[in-house]
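Let me begin by presenting the structure, written as structure tokens, before commenting on it.
Numbering of ligands and ligand atoms starts at 1, following listing order. Position 1 is the first residue of the sequence, and the numbers go up from there.
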Amino acid sequence: RKAMDMMKLMDYLKGNVAMGGQKQEAGTHKFWKTQPVPQLGEEQPQEDGAIEPSQPPEQVRQDPYSLPGDFEWSTLDISNSTEAREVYELLSQNYVEDPAASFRFQYSAEFLKWALMPPGYHKEWHIGVRVKSNKKLVAFISGVPIHLRVRANLLEASEINYLCIHKKLRSKRLAPVLIKEVTRQCHLKGIFQAIYTAGVLLPTPVSTCRYFHRSLNIPKLVDVKFTYVARNSTLARMVRAHKVPSEPQLRGLREMEEKDVEAVAELAARYMKRFKMVPEFTLDEVRHNFLSGRGEGEILNGRREGQVVWAYVVEDPKSHKITDFFSFYSLPSTIMQHPKHALLEAAYLFYYGTATAFEEGAESSGRLKRRLLDLIGDALVIANEARFDVLNALTLMDNHLVLADLKFGQGDGLLNFYLYNWRTSQLEGNQALTAEQ
Ligand code: MYA
């Protein structure tokens with residue numbers, strides 16, 4: 001399958017585009033051809049490096065880009081619940097949908113707070129556009145700081161996400177203005193590289209991953225047409241085939257706590273050395289990513305109120321060392337026009353790691369694969385306990401080792417990874433680690 005994706009990617013690069021159901025013609029990217037990104041058909045670079053030089057602070061444009069007359073820029077204060085709610089409302093009505101317009105991402109306000117306010121975030125990178133007359137929020141783009149290692153280089157970069165324009169204002173070339181403005185705000189903070197992901201194909205992905213889905217709540221998923229009963233099967237048989245154990249299987253598995261921050265940071269850092277494009281986390285970032293989105297109060301039906309992230313560790317019962325961890329986050333989708341179900345409760349596999357990977361011969365002997373089957377298998381148990389309908393994962397990190405055995409089914413969606421103002425030759429899916437939330 002991966003070979004197929006690479007071939008499609010090659011076709012795209014040659015200009016014969018038909019990827020992810022998207023048709024585009026090479027050479028027609030009026031905006032992207034003016035930007036410091038690899039252009040279509042370019043040869044793979046011999047060396048890694050910036051495409052254009054960083055600017056000294058006094059050369060960075062000081063004035064905001066101009067917007068059409070009826071609109072104005074507005075910095076959003078995400079720590080303010082009313083403003084976080086405004087972004088939530090804009091996205092829940094206008095953000096990414098599947099090609100059939102059946103499902104639309106519904107990031108919660110708590111999720112947005114967690115994703116947009118990591119340690120060292122800049123409020124200036126949370127950029128809105130409002131209608132001047134009534135102050136209605138009609139567009140948004142955001143960035144957060146990230147230390148990103150791409151092969152041997154550690155980049156101080158921004159991660160751009162949640163670009164969204166109200167449906168009524170589409171195709172008016174407003175997106176390039178938002179992108180230029182967030183670029184300017186990054187430049188003002190001395191940041192000249194960025195990472196971003198998109199389902200759509202643009203010039204030019206550094207890596208392309210496919211979505212896989214592990215069904216948990218089969219009757220509902222069939223009901224909302226997220227999945228189908230195969231012609232040679234029945235609903236009951238499918239339910240049986242997708243049953244997960246009622247208890248985690250790994251001895252020593254427990255929820256991550258504050259006392260684990262250092263051990264998880266070390267394990268994650270060492271594990272991520274396996275991959276070619278990865279974020280590097282400080283202790284504060286580990287605490288933020290895995291503990292701050294945990295919600296409040298008692299766990300009820302596998303969840304706390306407002307919980308967006310689940311993080312678990314395996315503590316060796318004898319040595320009390322942390323040997324493994326996994327995490328996933330909650331990102332529901334609105335089910336459009338369904339009489340019974342309004343929300344698809346989806347969890348997305350996030351970061352994980354296992355010390356088994358550091359043992360001699362772990363990969364060739366199959367030990368790494370077996371350990372990951374146990375670990376991600378337990379992630380399924382926890383996700384099921386927390387009443388998620390489905391656990392989603394991409395073809396990145398070591399996921400390819402376990403997806404088939406754990407009964408993840410291949411999805412239609414692709415996710416393209418892009419770097420802004422950084423040249424490096426293309427990475428295969430499993431060499432990239434998502435920075436996507
Ligand atoms: S990906 C999620 C994007 N959001 C959605 O898909 C939500 C639903 N859709 C919309 O809200 C609109 O359709 C959007 C486009 C806003 C996407 N990334 O204004 P237009 C190019 C980059 O007439 P609209 C995410 O959030 C398109 O190719 N460019 O179009 C990551 C064309 O340029 P060109 C995109 O449909 C975002 C131009 O825009 C995307 O009204 C990373 C047309 O503009 C896209 N997803 O609005 C942003 N979609 O003619 C880049 C279309 O050249 C960050 N376009 O083909 C770059 C780094 C910046 C920081 C640098 C720091 C140093």
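- N421 does not count as a contact of ligand 1, since none of its heavy atoms falls under 4.0 Å from the ligand.
- Side-chain N/O atoms of K113 and S81 include a donor and acceptor closer than 3.5 Å.
- Neither the backbone nor the side chain of K33 comes within 4.0 Å of ligand 1, counting heavy atoms alone.
- Every residue meeting the ring pair (Phe, Tyr, Trp, His ring centres under 6.0 Å) condition with W310, not counting sequence neighbours, appears here in chain and number order: F328, F388.
- Qualifying salt bridge (charged side-chain N to carboxylate O under 4.0 Å, His left out) partners for E266, counting only residues two or more places apart in sequence or in other chains: none.
- For ligand 1, the atoms lying closer than 4.0 Å to a non-hydrogen atom of S171 are 23 (O), 24 (P), 41 (O).
- A salt bridge does not link D374 to R371: none of the charged nitrogens lies less than 4.0 Å from a carboxylate oxygen.
- Side-chain rings of H126 and Y121 approach one another, their centers coming within less than 6.0 Å.
- Relative ring orientation between Y211 and H213 is described as parallel, the plane-to-plane angle staying below 30° on a 0-90° scale split at 30° and 60°.
- Below 3.5 Å of separation, one finds an N or O of R170 facing an N or O of ligand 1.
- Under the ring-ring contact (aromatic ring centres under 6.0 Å, His included) test applied with Y351, the options F281, Y271, F326 reduce to a single match, F281.
- Here Y95 has heavy atoms under 4.0 Å from ligand 1 in both its backbone and its side chain.
- Of all atoms in ligand 1, listed by their number and element, those nearer than 4.0 Å to a heavy atom of T197 are 1 (S), 25 (C), 31 (C).
- R423 has a carboxylate O that lies under 4.0 Å from a charged side-chain N of E42, or vice versa, which qualifies the two as a salt bridge.
- When the options A175, A139, S158 are ranked by their closest heavy atom to atom 39 (O) of ligand 1, first place goes to A175.
- Contacts with ligand 1 closer than 4.0 Å are made by heavy atoms of both the backbone and the side chain of F31.
- Close approach of ligand 1 to I191 (heavy-atom distance below 4.0 Å) involves ligand atoms 63 (C).
- For ligand 1, the atoms lying closer than 4.0 Å to a non-hydrogen atom of F192 are 63 (C).
- Residue I141 has no N or O atom closer than 3.5 Å to an N or O atom of ligand 1.
- Residue Q193 places no N or O, backbone or side chain, under 3.5 Å from any N or O of ligand 1.
- Heavy atoms of E97 found under 4.0 angstrom from ligand 1: none, in either backbone or side chain.
- Ligand 1 places these atoms under 4.0 Å from at least one heavy atom of C186: 62 (C).
- Side chain to side chain, S142 and N161 fail the donor-acceptor criterion of an N or O pair below 3.5 Å.
- Proximity of Y162 to ligand 1, defined as any heavy-atom pair under 4.0 Å, is confined to the backbone N, CA, C and O atoms.
- You'll find the side chain of D223 reaches within 4.5 Å of the side chain of K340, heavy atoms only.
- Using a 30° and 60° split on the angle between ring planes, W32 and Y196 fall in the parallel class, below 30°.
- Considering R173, K30, E159 only, the shortest heavy-atom separation from atom 32 (C) of ligand 1 involves R173.
- Residue N94 has at least one heavy-atom neighbour below 4.0 Å for each of these atoms of ligand 1: 7 (C), 8 (C).
- At a threshold of 4.5 Å between non-hydrogen side-chain atoms, the residues D389 and L216 do not count as touching.
- Against a heavy-atom cut-off of under 4.0 Å, A194 is close to the following atoms of ligand 1: 58 (C), 60 (C), 61 (C), 62 (C).
- Heavy-atom proximity to C164, at under 4.0 Å, picks out these atoms of ligand 1: 11 (O).
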